Number of protein chains: 2
Amino acid sequence: MQLKNHVEWALHCCSVLASLPDGERIPAKLLAELHGIPREYLSKALQALSTAEIVSGTLGPNGGYRLARAPSEISFLDIVEAVEGKGCTFVCTEIRDNMPCAEKPPSKGKKRRPCAVARVMYDADEAWRSHLRSVTLADLAKTVEKEVPLRVLKGNAKWLAANLDR
Amino acid sequence: MQLKNHVEWALHCCSVLASLPDGERIPAKLLAELHGIPREYLSKALQALSTAEIVSGTLGPNGGYRLARAPSEISFLDIVEAVEGKGCTFVCTEIRDNMPCAEKPPSKGKKRRPCAVARVMYDADEAWRSHLRSVTLADLAKTVEKEVPLRVLKGNAKWLAANLDR
DNA sequence: TGTATTACGGATAAATAATATCCGTAAAAG
DNA sequence: CTTTTACGGATATTATTTATCCGTAATACA
Ligand code: SF4
Ligand code: SF4
């Protein structure tokens, strides 16, 4: 069981977008080049982010992507769920119903409380999500600023600026 | 991203085994029948549990599976990891190395500290595992005992006893 | 000793999901 | 009107999951 690579890409793209001067946009082509990943495929991830209203895409020349709201208002969970979906990692197929002396599933509309096994798995899933929910892009930016040598940060910013130049 | 159905099966089988009188064993065939799942395929999950030394299998007539240690010594995490592996759900492909002004990856042996993005994902993964680690089969049994009607519990136990009869 | 039972593990097939590319459409800028 | 760019449908490729099959070895029992 593995998250798809879209998650990694989306997180990195958002991280880059978070450090973008106000008003600027980065086209998918540049984001792909920056990370050395296939442009067309990355597009799918960006579109998912766009649908989830985490980034906003603009058409035409000088178009591209920017964050749809402040970095402090975008959590890791927002990004992960945008590309992976909100479904729980544990799916219960109600195999308990096959037990020889099972409780009958409720005939109509009524829902049963999920069983003890499923609840543990759901709680674990929620613990995962809860942690992701607690970290925002603003937090990430702060950490990166602290950890990555200034030379590297400036170098990348310069490259971006040069390539956005038009 | 979804856990494989082996996880659900393994958890249910362990739950059944936990309620088994001391000394008894259940063959894979019965466990499969009990849950209405394909016997040969379930075998794979049971073999994984066996390899992880969570259950112990015995060959020959009257053979079958039993737990390899006390229910209180088997956590959900043990079971999940036995069939899903211990690898983190987030895999980092070091795409930061493709940035135009990246830090050079350390030339030899030395390992870099994982980056900020990866660390958040790893921490979330650990939160998930940590919750699974905190619940044992003994805890599960207690909950089930409280929640499932006695009639159902006894009915299933009776069915098992009858089918183990030889 | 022989036969039935059962776990074990390799090989393989089928179905599903992840990964990747292609291309047509529409919007915006100049 | 032309270029740039996101958007989204269609499709191909590859990996993983799901499932079955069968040969081997160990054990119980007659
Ligand atoms: S996990 Fe619970 S709800 Fe899901 S199949 Fe098992 S018993 Fe049913
Ligand atoms: S998550 Fe971190 S370690 Fe992984 S590719 Fe991105 S920057 Fe590198």
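Just so you know, these numbers come straight off a predicted model, no measurement behind them. Just so you know, these numbers use all the heavy atoms, side chains as well, and skip hydrogens, waters and symmetry mates. Note on naming: letters A, B, ... go to the chains in the order of the sequence lines (proteins, then strands), and numbering restarts at 1 for each one.
- Judged as a side-chain contact (heavy atoms from CB on, under 4.5 Å), and not counting sequence neighbours, the contacts of A:Ala52 are A:Ile54, A:Ala82.
- Protein atom CG of B:Leu30 is 14 Å distant from nucleotide atom C1' of C:dA7, rounded to whole Å.
- Atoms CD1 (B:Ile54) and P (C:dA7) sit 17 Å apart, rounded to a whole Å.
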Show which side-chain atoms of residues 1-12 of chain A pair as donor or acceptor with protein atoms under 3.5 Å away, not counting sequence neighbours.
unit_1, atom_1, unit_2, atom_2, d
A:Glu8, OE1, B:Thr93, N, 3.3
A:Glu8, OE1, B:Thr93, OG1, 2.9
A:Glu8, OE2, B:Thr93, N, 2.9
A:Glu8, OE2, B:Thr93, OG1, 3.2

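- Residue B:Arg39 contributes atom CZ, which lies 12 Å from atom C1' of D:dC21 at whole-angstrom precision.
- Residues B:Phe90 and B:Cys92 meet the side-chain proximity criterion, which asks for heavy atoms closer than 4.5 Å.
- Paired regions of DNA chain D, where each region holds three or more successive Watson-Crick or G-U pairs whose two hydrogen-bonding distances fall under 3.5 Å, are C:1-30 with D:1-30.
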Below 3.5 Å is the cut-off: list the nitrogen or oxygen pairs between protein and nucleotides 27-30 of chain D, distance only.
unit_1, atom_1, unit_2, atom_2, d
D:dC29, OP1, B:Asn62, ND2, 3.4

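- Sorted by first then second residue, the side chain to side chain donor-acceptor pair (under 3.5 Å) pairs that include residues 31-50 of chain B, not counting sequence neighbours, number zero.
- Rounded to whole Å, atom P of D:dT5 lies 12 Å from atom CG of A:Asn163.
- Residues A:Leu17 and A:Leu59 fall into different hydrophobic clusters, defined by Ile, Leu, Val, Met, Phe, Trp and Tyr side chains chained together at heavy-atom separations under 4.5 Å.
- When the side-chain hydrogen bond (donor to acceptor under 3.5 Å, both in side chains) test is applied to A:Thr51, no partner is found at least two apart in sequence or on another chain.
- Residues satisfying the side-chain hydrogen bond (donor to acceptor under 3.5 Å, both in side chains) test with A:Thr136, not counting sequence neighbours, are A:Asp139.
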Review point. Yes or no on side chain to side chain contact (heavy atoms under 4.5 Å, CB included) for A:His131 and A:Phe76, after CA distance, side-chain angles and deciding distance?
Key: CA-CA 9 Å; A:His131 186 270; A:Phe76 270 57; over 6 Å; no
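- When the nucleotides C:dA7, D:dC21, D:dA6 are ranked by their closest atom to the side chain of B:Ala28, C:dA7 comes out on top.
- A:Glu147 pairs by the side-chain hydrogen bond (donor to acceptor under 3.5 Å, both in side chains) definition with B:Arg113, B:Arg119, not counting sequence neighbours.
- If you measure from atom CG of B:Leu42 to atom P of C:dG9, you get 15 Å, rounded to the nearest angstrom.
- Taking atom CD of residue A:Glu8 and atom P of nucleotide C:dA20, one finds them 12 Å apart after rounding to whole Å.
- Counting to the nearest Å, the P atom of D:dC7 and the CD atom of A:Glu53 are 12 Å from each other.
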Check: protein-nucleotides 14-19 of chain C nitrogen or oxygen pairs below 3.5 Å:
unit_1, atom_1, unit_2, atom_2, d
C:dT19, OP2, A:Asn5, OD1, 3.4

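- Distance, A:Tyr65 OH to D:dT4 P: 18 Å, rounded to whole Å.
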B:Leu160 and B:Val16: CA distance, side-chain angles, deciding distance, side chain to side chain contact (heavy atoms under 4.5 Å, CB included) verdict: CA-CA 10 Å; B:Leu160 240 189; B:Val16 170; 3.9 Å; yes
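- Looking only at distances, no side-chain donor or acceptor of A:Asp125 sits under 3.5 Å from a matching main-chain atom of A:Cys88.
- At a non-hydrogen distance threshold of 4.0 Å, B:Lys44, B:Gln47, B:Ser50 from residues 44-52 of chain B come into contact with DNA chain C.
- With 3.5 Å as the limit, one finds a donor-acceptor pair spanning the side chains of A:Thr58 and A:Arg25.
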Check residues 63-74 of chain B and write down every donor-acceptor pair under 3.5 Å in which the side-chain atom is one partner and the other belongs to a residue at least two apart or another chain.
unit_1, atom_1, unit_2, atom_2, d
B:Arg69, NE, B:Glu73, O, 2.9
B:Arg69, NH1, B:Glu53, O, 3.0
B:Arg69, NH2, B:Glu73, O, 3.4
B:Arg69, NH2, B:Asp78, OD2, 3.2

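- Residues satisfying the salt bridge (Lys or Arg N to Asp or Glu O under 4.0 Å) criterion with B:Glu94, sequence neighbours excluded, are B:Arg96, B:Arg112.
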